[in-house]
Each structure stands twice: as structure tokens, then as C-alpha cells.
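Notes follow the structure.
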Amino acid sequence: MTEENILLIEKNSGVGTITLNRPDKLNAFSDELIFKLKDALKEMERDSAVKAVIITGAGRGFCAGADLASRSISMESAQKPSLGTHLRHRLNPIAVKIRQMEKPIIAAVNGVAAGAGMSLALVCDFRIAAEEASFIQAFTKIGLVPDTGSTFLLSRLIAPTKSFELMMLGDKLSSKEAFELGLLNKVVPAADLMKECQALAERLIGGATLAYALTKRAYNRAVFHDIEELLEYEASLQEIAGRSDDFMEGVKAFNEKRQPAYKGR
Ligand code: T3D
């Protein structure tokens with residue numbers, strides 16, 4: 001069944017706001033939501049009246065990563081889904097588009113950001129989070145490898161010791177902890193989140209936008225010059241993890257709301 005209005009777009013004073021809108025699923029990435037996000041980013045890039053972009057989520061989640069309910073349905077078919085292909089065609093192009101777009105992109109992290117939802121926040125240029133927001137590298141908890149850029153985004157944004165621990169254990173980070181680690185620009189009360197993000201966007205729009213665009217280009221070159229190669233590497237590893245019994249068990253356990261019983265294969 002097609003869901004309605006799963007992504008909302010608003011344009012105001014040169015700022016384009018994209019809202020992921022599947023609140024009852026904590027804005028998990030269904031295929032349709034991914035396609036709509038990709039189209040929305042292209043629209044923001046093309047529209048010369050839009051000078052800065054904010055990405056946020058409706059309800060109490062920012063984005064809970066891949067939609068595990070639809071994964072469960074697709075794994076029941078004889079043909080196992082290829083997660084490598086899924087990443088190459090769906091999520092990885094979004095990460096590349098956000099890094100390549102020469103307009104500042106702000107993640108307004110209103111709630112939990114898990115799995116590829118955390119990657120989405122990490123790949124943006126700025127991250128402002130509500131006090132209630134949290135961050136989880138949920139991947140290994142369901143038998144997967146961090147993807148959509150998480151392996152290199154996290155380990156380049158914060159110290160490798162902590163980033164590796166977060167990827168391996170998948171423990172939840174509060175906004176306060178994420179800020180202290182250097183993952184966030186600011187933490188604000190939920191009621192002020194969109195106001196703060198709009199103010200930052202308007203400040204950027206009012207500045208030397210060509211210089212900002214060139215600075216983003218230089219930053220990409222300095223820090224993320226190998227983004228496409230690393231996304232491809234993650235996809236090739238996810239292809240292996242996605243065919244494992246542990247991944248099948250991880251998704252099944254999540255949907256059955258129980259602890260998984262992994263076998264390491
Ligand atoms: O498959 C591929 O395409 C490859 C790419 C993979 C990239 C990935 O992102 S892998 C990681 C996928 N995400 C996760 O593993 C996170 C799963 N979610 C959670 O662990 C928890 O929901 C949270 C920690 C995010 C939040 O916990 P909590 O207790 O605040 O909320 P909840 O009760 O678990 O969730 C609320 C509802 O959202 C619930 O539905 P219900 O029972 O009320 O009908 C839950 O099932 C739904 N939901 C949460 N996350 C997802 C989801 N539904 C589908 N997919 C989800 N990822």
C-alpha cells in the first residue's frame with residue numbers, strides 16, 4: 001500500500017526544509033522514502049532560490065535506518081535481497097549527493113537517529129540536535145556492517161577508539177554525549193530546534209555563499225575525497241553480511257520484539 005505524504009518539502013526565505021514523515025516507524029527508510037528523499041535533494045540543488053537545506057524527521061524519530069518490516073517481507077521470498085545492490089542504487093547516492101551539493105545542509109536531529117538514519121545525520125554539513133535526540137550505530141545489532149558512510153564518517157569526525165566502539169557495540173549516545181564527542185554543533189531544547197536551524201541557515205545565506213560552496217568543496221577534498229570508494233567498500237561487505245543467517249535472525253528478532261540468537265555465520 002502506498003503511504004501518503006511520507007516526505008514533506010517546505011521553502012521559506014531561501015531555506016528548503018525536507019521532513020521525513022513516517023512518524024509511526026520513526027521515519028525508517030522504505031524504498032519509497034529513499035526515492036522521495038533523493039528527488040527532494042535534486043530539487044533543492046536545482047532550485048536557485050534555495051540557498052541552504054534542513055533535513056529533519058516528523059514525530060519522535062529523526063530516522064531509524066532501513067525499514068526492517070519491509071526487509072522481513074522481502075527475506076521471505078526465495079531470492080534473498082542483495083544489500084550491496086540496495087546500497088549502491090538507493091542509500092549511497094543520497095550520501096554522495098549531500099556531500100556534493102554546494103549548498104550547506106543542516107541535520108535538525110529531532111529524535112533517535114539509528115543505523116542509516118545516523119549516517120544521514122553524519123553526512124550533513126551541520127548537526128543540531130534536540131536534547132531528547134539519540135544516536136545508535138544499530139547495524140551490528142541486526143548482523144550488519146555500518147553503511148551509508150558510517151564507517152568513515154564516524155571515524156573521521158571523532159577519535160577512532162570511540163568510533164570503533166560505537167560501531168561494534170551499537171550503544172545509544174545521548175545528544176549530550178554526542179556533543180561532547182564532537183559529533184554535534186549544538187544541542188538545544190526540542191522547542192527551539194527548528195528555530196535554531198533556520199537561524200543558522202539564514203546566517204549562511206546572508207554570508208558569502210560562493211566562499212561557503214568552495215569551502216565545502218575543499219573540505220570534501222581534505223576529509224572525504226575517497227567517499228565513493230569507501231561507500232562501495234561498505235556495500236561489498238554488506239553484500240556478505242546481508243546473506244548471513246545472523247542478519248535473517250536479527251531482522252526476525254526485531255520484528256518479533258525479542259532478543260536475537262546469533263550463530264556467527
Ligand atoms: O537493508 C538494507 O537496505 C541495508 C541497509 C541497512 C542500513 C540500516 O539502517 S541497518 C539498521 C536498521 N535500523 C535498526 O536496526 C534500528 C531498529 N530500531 C530500533 O532499534 C529501535 O526502534 C530504536 C532504538 C530506533 C528506537 O527504539 P524505541 O524503543 O524508542 O522505539 P520502538 O518501539 O522500537 O519503535 C517504535 C516503532 O517504530 C515500532 O513500531 P510499532 O511496534 O509501534 O508498530 C517499531 O517497530 C518501528 N520501527 C523502529 N525502527 C524501525 C521500525 N520499523 C521498521 N524499521 C525500522 N528500522
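Just the heavy atoms: all of them, side chains too, but no hydrogens, waters or symmetry mates, feed the values below. What you are looking at is a predicted structure, and each value in this text was computed from that prediction instead of being measured. Numbering of ligands and ligand atoms starts at 1, following listing order.
Considering every non-hydrogen atom in both Ile205 and Ser13, the closest pair reads CD1-O, 3.8 Å. Closest of all the heavy-atom pairs between Ala201 and Val15 is CB-CG2, 3.7 Å.
For ligand 1, none of its N or O atoms has an N or O atom of Thr148 under 3.5 Å away. By the 3.5 Å distance cut-off applied to N or O atoms, Lys257 is counted among the residues near ligand 1. Between Ala116 and ligand 1, a contact under 3.5 Å exists for at least one N or O pair.
In this structure, Tyr233 has its ring center no closer than 6.0 Å to that of Phe152.
The protein heavy atom nearest to atom 24 (C) of ligand 1 is Ile136 CD1, 3.5 Å. Among protein heavy atoms, atom 37 (C) of ligand 1 sits closest to Asp24 O, 3.5 Å. Closest to atom 3 (O) of ligand 1 among all protein heavy atoms lies His86 CD2, 2.7 Å. Looking from atom 26 (C) of ligand 1 to the surrounding protein, the closest heavy atom is Leu26 CD1, 3.6 Å. Here the heavy atom of the protein found nearest to atom 55 (N) of ligand 1 is Leu68 N, 2.8 Å.
Of the candidates Cys63, Gly84, Ala66, Ala66 brings a heavy atom nearest to atom 8 (C) of ligand 1. In the candidate list Pro23, Ala114, Ala64, Ala64 is nearest to atom 13 (N) of ligand 1, counting heavy atoms. Taking each of Phe247, Phe62, Phe29, Phe254 in turn, the one with a heavy atom nearest to atom 46 (O) of ligand 1 proves to be Phe254. By heavy-atom distance, the residue among Met118, Arg90, Lys25, Arg60 lying nearest atom 32 (P) of ligand 1 is Arg60.
Counting only distance, with no hydrogens or angles, the side chain of Asp246 and the backbone of Gly143 share no donor-acceptor pair below 3.5 Å.
Remark: Lys263 does not engage Asp245 in a salt bridge, criterion side-chain N to carboxylate O under 4.0 Å. Under the 4.0 Å criterion applied to side-chain N and carboxylate O atoms, Glu43 and Lys11 are assigned as salt-bridge partners.
Connection of Tyr212 to Ile105 is not established within any shared hydrophobic cluster, with ILVMFWY side chains joined at heavy-atom distances below 4.5 Å, either directly or through further cluster members.
Proximity of atom 29 (O) of ligand 1 to the protein is not indicated, since no non-hydrogen protein atom lies closer than 4.0 angstrom.
Atom-to-atom distance recorded for Ile158:CD1 and Leu181:CG is 5.0 Å, nearest 0.5 angstrom.
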